[in-house]
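Contents: one structure, followed by commentary.
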There are 2 protein chains.
Amino acid sequence: MTILIADDEPQMLKVLSAYFKNEGFDVRTAKDGQEALDIVESTKIELAILDWMMPKIDGIDVCNYIKENSQTKVLILTARSQNQDELVALNTGADDYIRKPFDPQILIVRAKKLMNSSKEIKVSDIRIMENEKKAYKNDELVQLTKTEYDLLLVFSRNKGVILSRETLIDRVWGMDYDGDPRTVDTHIRRLRAKIGTELIKTYRGVGYCLEVKGD
Amino acid sequence: MTILIADDEPQMLKVLSAYFKNEGFDVRTAKDGQEALDIVESTKIELAILDWMMPKIDGIDVCNYIKENSQTKVLILTARSQNQDELVALNTGADDYIRKPFDPQILIVRAKKLMNSSKEIKVSDIRIMENEKKAYKNDELVQLTKTEYDLLLVFSRNKGVILSRETLIDRVWGMDYDGDPRTVDTHIRRLRAKIGTELIKTYRGVGYCLEVKGD
DNA sequence: GATAGTGTTTTAAAATTAATGAAAGCCGTT
DNA sequence: AACGGCTTTCATTAATTTTAAAACACTATC
């Protein structure tokens with residue numbers, strides 16, 4: 001579980017880093033917007049905690065970029081106190097917004113909520129343990145390859161939503177993948193063979209969907 | 001999309017109700033915790049906005065009950081200003097926490113975020129979930145092909161507007177399509193068979209229209 | 001109430017899309 | 001370098017969807 005903290009005050013970086021490391025997170029830090037972008041580009045970040053006012057590129061622009069290009073959650077942290085600012089941030093796609101000064105405990109609880117960390121997702125007789133990176137069918141471990149697991153995770157985070165091959169490729173392989181979209185079919189087939197054929201439904205011409213009855 | 005607002009100040013209820021109704025939500029109100037629980041028990045609530053301090057049962061206890069028994073999201077709204085209070089609320093399972101006084105706009109944006117901000121369009125007993133790329137009739141999934149879904153989407157975005165075959169072809173097939181305009185008829189026919197024949201009305205010599213009564 | 005014009009239904013062929021099976025390529029490990 | 005598991009690609013097959021044409025039905029108008 002890797003998080004990014006970007007702030008131009010070294011003291012703030014140091015304190016927050018310590019707090020989050022203490023909670024078991026892998027922490028990357030950046031002292032300006034450019035550094036933040038570089039890290040986001042090269043590392044899979046679960047959550048980005050961004051100060052609004054930073055040198056080079058401000059937090060909102062970083063947020064904008066992140067939201068257009070990834071699934072990474074964003075929490076804006078700022079000394080700005082205008083309601084208008086909070087609205088701008090939230091409408092830019094920020095998932096949460098906290099004003100300075102703040103209680104670090106609150107930041108941590110809110111950050112954890114965004115990552116819904118150590119969560120388990122259940123879909124009919126399948127259970128996905130995100131912290132263990134394992135999936136179970138009727139409490140028995142299903143031996144999934146990395147791609148199969150990633151695929152299942154994307155599906156389970158979007159229960160009932162039809163996902164196109166392009167979307168799946170973006171989320172599982174990454175935006176820069178330029179292979180055959182039909183490759184998805186093959187992985188779907190093998191995933192189905194392991195978790196049961198009914199769960200993932202084909203929508204011809206549209207995509208695939210993890211179906212869920214009782215929700 | 002039904003939400004519950006619980007607060008013991010009638011003025012607050014009135015103002016918030018108006019705001020959320022204006023945003024298109026179906027709003028239920030409660031003036032104390034007991035009423036809130038009764039509503040949660042009997043209605044499918046998407047989001048509960050709860051004041052902390054309420055007569056009979058306080059907001060935190062209501063939140064506790066909700067989180068143990070349903071998937072409903074909870075936003076706590078309160079005049080309490082201690083950081084400790086926020087921590088208690090978030091740890092009880094509250095999904096967000098806003099202190100009074102607050103900007104109603106911020107409340108609305110945050111509330112929408114909690115509700116998946118899923119775009120849905122409703123026309124009589126048909127619901128189109130744009131994020132899922134699915135359509136429901138009386139809460140049951142309608143199996144539409146890609147073209148049928150696209151067609152329905154164009155109609156639903158133009159409720160009450162008569163659309164000519166040419167317009168439909170442009171919007172559904174794209175400007176560069178050069179097939180027979182009569183093909184539209186066939187798709188309309190099959191769409192009608194699935195969602196009900198009354199919804200799409202024919203205007204001879206003009207086009208088709210998704211009729212809507214109460215609009 | 002006949003007729004021309006327009007929408008609807010039926011049908012079947014054509015086109016598109018997904019599932020399958022198999023082979024080749026890739027990568028880390030031995 | 002050879003092995004084995006995993007991933008990717010590709011050709012074939014199977015299935016569904018789309019299209020278009022023809023037959024049918026309705027409506028308005030004379």
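Values reported hereafter were calculated over all heavy atoms of this structure, with side chains retained and with hydrogens, waters and symmetry mates removed. Chain A is the first sequence line, chain B the second, and so forth, proteins listed ahead of strands; every chain is numbered from 1.
- Side-chain nitrogen and oxygen atoms of B:R182 include at least one within less than 4.0 Å of the OP1 or OP2 phosphate oxygen of C:dG7.
- With salt bridges taken as basic N to acidic carboxylate O contacts below 4.0 Å, none links B:R189 and B:D185.
- A donor-acceptor contact under 3.5 angstrom links the side chains of B:E41 and B:Y65, judged on distance only.
- Here A:L77 contributes atom CG and A:M53 contributes atom CE; the two are 10.5 Å apart, rounded to the nearest 0.5 Å.
- Of the candidate nucleotides D:dA20, D:dT7, C:dA19, C:dA19 has the atom nearest to the side chain of A:D185.
- Salt-bridge formation is detected for the pair A:E211/B:K134: a Lys NZ or Arg NE/NH1/NH2 atom is positioned less than 4.0 Å from an Asp or Glu carboxylate oxygen.
- A donor-acceptor contact closer than 3.5 angstrom links the side chains of A:S70 and A:T72.
- The side chain of A:Y149 contributes no N or O atom lying less than 4.0 Å from OP1 or OP2 of D:dC6.
- Rounding to whole angstrom units, OH of residue B:Y203 and P of C:dG7 are separated by 14 Å.
- In summary, the side chains of B:S156 and B:R127 do not present any donor paired with an acceptor at a separation below 3.5 Å, with no hydrogens or angles considered.
- Between B:D178 atom CG and D:dT18 atom P the separation is 18 Å, expressed in whole Å.
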Give me the distances for all protein-to-nucleotides 25-30 of chain C N/O pairs that come in under 3.5 Å?
none

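- For the pair B:L168 CG and D:dT19 P, the interatomic distance rounds to 13 Å; values are reported in whole Å.
- Put simply, CG on B:D150 is 11 Å from P on D:dT19, counting in whole angstrom units.
- Distance CD1 (B:I162) to C1' (C:dT6): 15 Å, rounded to an integer number of Å.
- At the heavy-atom level, A:T147 lies under 4.0 Å from the strands shown only through sugar-phosphate atoms.
- Within the model, atoms CZ of A:R80 and CZ of A:R99 stand 11.5 Å from one another, a figure rounded to the nearest 0.5 Å.
- OP1 or OP2 of C:dA19 lies within a sub-4.0 Å distance of a side-chain N or O belonging to A:T202.
- Computed from coordinates, the B:W173 CH2 to D:dA20 C1' distance equals 13 Å when rounded to whole Å.
- Close to D:dT7, at under 4.0 Å from its OP1 or OP2, lies no side-chain N or O of A:Y177.
- The residue among A:T186 and A:R204 whose nearest nucleotide of DNA chain C is located toward the 5' end is A:R204.
- Side chains of B:T202 and B:R192: a donor on one and an acceptor on the other come within 3.5 Å.
- Rounding to whole angstrom units, NZ of residue B:K201 and P of C:dT8 are separated by 12 Å.
- In summary, the side chains of A:S164 and A:T167 do present a donor paired with an acceptor at a separation below 3.5 Å, with no hydrogens or angles considered.
- Using a 4.0 Å cutoff on non-hydrogen atoms, the parts of residues 187-197 of chain B near DNA chain D are B:H187, B:R190, ordered by number.
- Atom CD of B:E148 is separated from atom P of D:dT19 by 11 Å (rounded to the nearest Å).
- Under 4.0 Å is where a charged nitrogen must lie from a carboxylate oxygen, and between A:E46 and A:K73 no such pair does.
- In terms of phosphate contacts, A:T145 brings no side-chain nitrogen or oxygen within less than 4.0 Å of OP1 or OP2 of D:dC6.
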